[in-house]
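First the proteins, then the strands, lettered A, B, ... as listed; each starts at 1.
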There are 2 protein chains.
Amino acid sequence: MKISHRGEYALKCLMALSFNYGKGVVQLRSISEKEGIPYKFLEQIMIALKQGGLVKSQKGKLGGYQLSRSPEEISLGEVIRLIDGPLAPLGNESELKKLVKERGRHSGLYAVLLDVRNACSAILDKQSLRDICVKTIELQEKGTEAYMYFI
Amino acid sequence: MKISHRGEYALKCLMALSFNYGKGVVQLRSISEKEGIPYKFLEQIMIALKQGGLVKSQKGKLGGYQLSRSPEEISLGEVIRLIDGPLAPLGNESELKKLVKERGRHSGLYAVLLDVRNACSAILDKQSLRDICVKTIELQEKGTEAYMYFI
DNA sequence: TTATATCATACAAATCCTATAGGAATTATA
DNA sequence: TATAATTCCTATAGGATTTGTATGATATAA
């Protein structure tokens with residue numbers, strides 16, 4: 001699995017929304033500036049996230065985006081799959097399973113790639129956006145400055 | 001990490017060379033036909049594998065390729081890094097470490113991505129080409145047909 | 001009515017990936 | 001020596017993907 005700029009932007013934006021969860025909507029302009037993400041590019045990404053059911057929007061003046069579920073209920077794996085496709089290094093889980101089952105000349109290779117896919121999934125499908133928030137704050141508290149994410 | 005066609009071809013070709021290790025050189029024409037890899041494309045890949053020190057060649061008529069080390073001494077991770085770059089889903093190990101250390105707004109995210117990278121590395125850097133040969137044969141023996149890889 | 005958002009589509013630019021082409025250099029063999 | 005078969009090397013073409021820009025439509029608070 002490889003995370004594109006698009007995917008990285010999506011993750012960063014969702015983290016911003018996670019930190020602001022329960023405080024109403026956040027505008028893209030603000031996130032775009034804070035995170036250094038090209039505004040119009042971010043708009044497109046948000047449409048995909050909305051169609052994927054991760055965020056909901058409020059149109060018009062004072063509009064913006066917010067998470068459609070609580071940060072605990074959204075995993076990194078779900079985000080990455082939505083934006084960048086399957087976690088497997090080759091094809092996807094069911095394709096790999098099929099290739100292993102077929103017992104062809106490279107079934108051993110595919111079996112290991114399936115292991116890799118499962119290892120990635122074990123991490124990314126378990127880590128929620130909230131877990132990342134907590135982890136980030138913990139990392140910050142070890143340092144001198146307190147964590148701040150004001151939009 | 002994502003494996004390209006180029007990377008998949010490289011792995012398949014190296015598996016062919018692994019199964020034939022100790023039996024002299026194997027010609028690309030043969031591998032190309034057996035594996036359905038475009039011949040001229042495979043040539044380029046082999047040059048990269050040679051420059052990376054994984055294979056050695058014999059020129060001229062009756063020439064061909066063979067592994068430059070025993071299959072036990074070549075890991076999947078080494079092959080994939082050579083052809084498709086770092087295992088990390090974003091940047092590489094040292095970049096991710098640095099980003100986590102900086103304790104920025106997304107250090108928690110980068111920490112998890114580093115975990116993913118380490119999980120991939122734990123698998124791919126331990127599995128050797130020989131391990132894959134064994135695994136493939138085992139998978140074959142469970143079925144009715146015996147394994148055969150004649151070039 | 002106006003200002004400010006999201007929504008949607010088209011398109012442009014750049015990069016990467018895949019594959020092909022043509023030939024040079026090397027070597028076994030007749 | 002000539003020939004055939006192979007690796008070696010570079011250039012390049014075509015396509016796919018990624019990244020980003022442009023333009024305008026639609027919705028809504030003030």
Check your understanding: Between the side-chain atoms of A:Q44 and the base atoms of D:dT21, is any donor-acceptor pair under 3.5 Å?
Key -> yes
Review point. Of all the nucleotides listed (D:dT28, C:dT18, D:dC8), which has the minimum atom distance to the side chain of B:K59?
Key: D:dC8
Practice item. Looking only at side-chain atoms of A:Q27, point me to the closest of C:dT18, D:dG20, C:dA5. Key: C:dA5
**Study point:** Under 4.0 angstrom between A:Y39 side-chain N/O and C:dT6 OP1 or OP2
**Key:** yes
Review point. Looking only at side-chain N and O atoms, does B:Y9 come under 4.0 Å of OP1 or OP2 in C:dT18?
Key: no
**Study point:** A:S4 side chain near D:dT19 phosphate (N/O to OP1/OP2, under 4.0 Å)
**Key:** yes
Check your understanding: Do any N or O atoms from the side chain of A:Q58 and from the backbone of A:V26 form a donor-acceptor pair under 3.5 angstrom?
Key -> no
Practice item. Kindly say whether B:R130 contributes a backbone atom to a donor-acceptor pair with the side chain of B:S18 at under 3.5 angstrom? Key: no
Point to revise | Listed nucleotide nearest any side-chain atom of B:K40, set C:dA8, C:dT18, C:dG23 | key: C:dG23
Check your understanding: Got a donor-acceptor pair under 3.5 Å from the side chain of B:K56 to the base of D:dT7?
Key -> no
Practice item. Just compare D:dA29, D:dT7, C:dT6 and give me whichever is closest to any side-chain atom of A:K61. Key: D:dA29
Practice item. Looking only at side-chain atoms of A:E43, point me to the closest of C:dA8, C:dG22, D:dG20. Key: C:dA8
Practice item. Kindly say if B:Y65 contacts the phosphate of D:dC8, meaning a side-chain N or O under 4.0 Å from OP1 or OP2. Key: yes
Review point. OP1 or OP2 of D:dC8 sitting under 4.0 Å from any side-chain N/O of B:K50?
Key: yes
Point to revise | Parallel, tilted or perpendicular: ring planes of A:Y9 versus A:H5, cut at 30 and 60 degrees | key: tilted
